[in-house]
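Since the structure comes first, as structure tokens, the remarks are kept for the end.
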Amino acid sequence: MIETKFRWKKLIRDVLNKIAGLKGIIGDSFSENDVIIQTPPRPELGDLAFPMFPYAKKLRASPLEIAELVSIELNKNKDSLLSAEVVNEGPYINIKLPKSNFSKYTLHKILNEKTKFGTSQTLAGQKIMLEFSCPNTNKPLHLGHLRNDAIGESVSNILKANGAEVRKVNLINDRGIHICKSMLAYQKFGKGSDPESEGVKGDHFVGKFYVMFDKWARENIDAENRARELLLRWERGDPEITELWRRMNNWAVSGINETYRRTGVSFDKVYYESETYGRGKEEVLKGLERKIFYRDEESTIWVDLKEIDLDKKVLLRKDGTSLYLTQDVGTAVIRHEDWPFDRLIYVVASEQKYHFIVLFYVLKKLGFEWAENLYHLSYGMVNLPEGKMKSREGTVVDADNLLDQLIAIATEEIKSRGREKEVKNLKQTSEKIAMGALNYYLLQVSPSKDMIFIPEESISFTGNTGPYLQYMGARISSMLRKFEDRKDKFKDGAFKPELLTVKEEWEIVKLLAMYPEETEKAAEELNPSIITNYLYNLSRVFSRYYHDNPVLHNKDPNLVVTRITLVKAVLQVLKNAFILVGIPFLENM
RNA sequence: GUGCCCAUAGCUCAGUAGGAUAGAGCAUUAGAUUGCGGAUCUAAAGGUCGGAGGUUCGAAUCCUCUUGGGCACACCA
């Protein structure tokens, strides 16, 4: 569709210029960028629409007159129209594309390009690093991480589909005051227990102690001070503390990795804050020497942000220990040395906007010219119908727990439909349905917006959901299997695009042809919801179509083969798009 | 207090480099299986696009003001 649209833009541009010439209007000529192209509100009106309002002033004529003139001009050169039909609809020029040719071209293109259909080279040669997830090692993953991971994985796939070389990176926040808190609680209450002895997943085990600290600190005023002491000992490399830290981190990280495995999240490189904060300190001290930062009388190191109309910010505490910001400076520098990226995208919640403004500024002041290529892909908060998730009130939705529930419900659904035999592997299928539901639910909202997570809705499998899309895929697969079984019955059939006369068939072909534009737009905007919306539109039209129009039950083998070709193309595009938004494809469900 | 973001149907969301009658799902109501899988499909009902000005031939979309909500402005991450 991109090529078609481009050709039409140029054609309309030429006609507008010709009209300007005939009217003896001198001045700037029209360029193809002046030509506005749209889709008519109702398909009966045509396939492409060009409003004529914008040219009225320059051509000193009413949009109605212009439309009249343009349609006359276009119809003069029939052969340049690629057999399309021009309709003059009031102030609009509408184009009806030649259905047979366009259908044939589109379907063949899809079936030839297969998994390549909808990929582009718009980002070819670009090295893009994508940071996401970034868990703390003091608690298990929660719903917020699931949204983060879903966006991270999806954006990574979308960028790859547009030719970029993508490197997915994680940053484990395994140091800092919060980690010391759970360590302190473990020292106090742990009694040498471990996840195995308690039969608890490692990250949940560690998380329990973080909660304990919180409770304990409310009754003991020196708790916070003791945590700070512990941080100092840790940063000085105290062997006993280091040993405890290592043990607890291993528990947490292995538990978190288990959740990643379940959700299909992976990274090309995992960074650990404990390994990068030192570099951050070095860079800050270098900046201090170069007088980019300053030290106060207590020897705390600060950066002044008045150049960007902000206050000032601590980079190193007076005891020399580092902060979140310090560490992020070091991580960025190391990353660029490891893999000199053209862009680094941080997928991080919107509440940290300020942090990234400061981080990017500090890196720029330190003289790293690549600081210009850092981007914070900020996504909105996930809230519950009752309001914010609050750890103190125990309303935080735990990732593992949610997954378990989703899978259990999927299993129930399969059983209640009596499809245990067909799905072969009940457990695996349930997991895939659960992931399809979850990823679709999390990605259908534009990343920048806050969203409300309604548990009942996220696990609903009817309507606008991931499983609805998976169901389409399964139905089509089933249909294609039946076609293969009876193939000799249709062996005389041939693909004849002129047989695609049903209204929905034409709608489907146009939607299929639009898919490459959607993936490009999704990459440009770093927005997976463009793909989820597209998938739903395609599936909905297709459902309506095959509900009312038999594909295999036709006497004419040509019609069967022709419709099967369309169906195959739909399936191919569904599969291609599924990959971009983390919806597992299922032959059976 | 200052800055940033958001506000579209009862609920959850689409639609924003301005364009023809603002769309879905859920929920509600009424229908469709002698058909390739009913996790489906059809239809009804549901809206002064938070409010007021402005720019424009034309505004959910752009500008100003205003109301309501969220986030940030930590020597937490």
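Just so you know, these numbers use all the heavy atoms, side chains as well, and skip hydrogens, waters and symmetry mates. In what follows, chains are A, B, ... by sequence order, proteins preceding strands, each numbered from 1.
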Please classify the nucleic acid contact of [X] as base, sugar-phosphate, or nothing, using heavy-atom distances under 4.0 Å.
X        : result
A:Ala474 : base
A:Val551 : base
A:Ser446 : sugar-phosphate
A:Met381 : nothing

Subject >> Atom pair distance, as rounded to whole Å: NE2 in A:His376 and C1' in B:A72 >> reply: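 Computing the A:His376:NE2 to B:A72:C1' distance gives 12 Å.
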Subject >> Rounded interatomic separation in angstrom, taking CG from A:Asp309 and C1' from B:C73 >> reply: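 About 13 Å, once rounded to whole Å.
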Original post:
By salt bridge (Lys or Arg N to Asp or Glu O under 4.0 Å), which residues pair with A:Arg295, not counting sequence neighbours?
Top reply: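 Partners of A:Arg295 by the salt bridge (Lys or Arg N to Asp or Glu O under 4.0 Å) criterion come out as none, since no residue qualifies.
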**OP:** Just jot down the salt bridge (Lys or Arg N to Asp or Glu O under 4.0 Å) partners of A:Lys9, sequence neighbours excluded, or say none.
**Re:**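 Partners of A:Lys9 by the salt bridge (Lys or Arg N to Asp or Glu O under 4.0 Å) criterion come out as none, since no residue qualifies.
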Original post:
Once Watson-Crick and G-U wobble pairs under 3.5 Å are found, how is RNA chain B written in dot-bracket notation, 5' to 3', with | for any base paired to another strand?
Top reply: (((((((..((((.....[...)))).(((((.......))))).....(((((..]....))))))))))))....
Does [N] have OP1 or OP2 sitting under 4.0 Å from an N or O in the side chain of [X]?
X        : N     : answer
A:Ser448 : B:C6  : no
A:Arg544 : B:C41 : no
A:Tyr324 : B:A77 : no
A:Lys353 : B:C73 : no
A:Arg475 : B:G38 : yes
A:Tyr468 : B:C41 : yes

Original post:
Has the side chain of A:Thr326 got a donor or acceptor atom that lies under 3.5 Å from a matching backbone atom of A:Leu315?
Top reply: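 Yes: the side chain of A:Thr326 pairs with the backbone of A:Leu315.
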Lys/Arg N to Asp/Glu carboxylate O, [X] vs [Y], below 4.0 Å:
X        : Y        : value
A:Asp548 : A:Arg544 : no
A:Arg419 : A:Glu413 : no
A:Glu524 : A:Lys521 : no

Original post:
Is the distance between the ring centroids of A:Phe490 and A:Phe483 under 6.0 Å?
Top reply: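 They qualify: ring centres under 6.0 Å apart.
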Subject >> CG-CD distance between A:Asp319 and A:Glu229, expressed to the nearest 0.5 angstrom >> reply: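 The distance works out to 11.0 Å.
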Subject >> Sub-4.0 Å heavy-atom contacts from residues 518-543 of chain A onto RNA chain B, ordered by number >> reply: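 Result for residues 518-543 of chain A: A:Asn533, A:Tyr536, A:Ser543, sorted by number.
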Original post:
What are the residues of residues 477-486 of chain A, sorted by number, that bring a heavy atom to within less than 4.0 Å of RNA chain B?
Top reply: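 RNA chain B contact set from residues 477-486 of chain A: A:Ser478, A:Met479, A:Lys482.
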Side chains of [X] and [Y], donor plus acceptor under 3.5 Å:
X        : Y        : result
A:Tyr515 : A:Glu520 : no
A:Tyr271 : A:Asn170 : no
A:Tyr546 : A:Arg475 : yes

Subject >> Heavy atoms of other groups near A:Arg236 CZ, more than 12 under 6.0 Å >> reply: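 Incorrect, the count does not exceed 12.
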**OP:** Please say which of A:Val445, A:Leu438, A:Leu443, A:Val347 ends up in a side-chain contact (heavy atoms from CB on, under 4.5 Å) with A:Arg147.
**Re:**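 Answer to the side-chain contact (heavy atoms from CB on, under 4.5 Å) test with A:Arg147 among A:Val445, A:Leu438, A:Leu443, A:Val347: A:Val445.
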Original post:
Relative to each other, are the rings of A:Phe453 and A:Tyr441 parallel, tilted or perpendicular (30° and 60° limits)?
Top reply: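 Rings of A:Phe453 and A:Tyr441: perpendicular, over 60°.
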Original post:
Any idea how A:Tyr294 and A:Trp302 line up, ring-wise: parallel (<30°), tilted (30 to 60°), or perpendicular (>60°)?
Top reply: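 The rings of A:Tyr294 and A:Trp302 lie parallel, inter-plane angle below 30°.
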Original post:
Is the base of B:A17 syn or anti, where syn means the angle lies within 90° of 0?
Top reply: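 Syn, since the glycosidic angle lies within 90° of 0.
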[N] base / [X] side chain donor-acceptor hit below 3.5 Å:
X        : N     : result
A:Arg42  : B:U21 : yes
A:Asp311 : B:A74 : no
A:Arg417 : B:G38 : no

Subject >> Separation between the C1' atoms of B:C49 and B:A22, rounded to whole Å >> reply: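 Going atom to atom, C1' in each nucleotide, I get 8 Å.
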All N/O pairs under 3.5 Å across the protein-nucleotides 7-11 of chain B interface:
{"unit_1": "B:A7", "atom_1": "OP1", "unit_2": "A:Lys449", "atom_2": "NZ", "d": "3.1"}

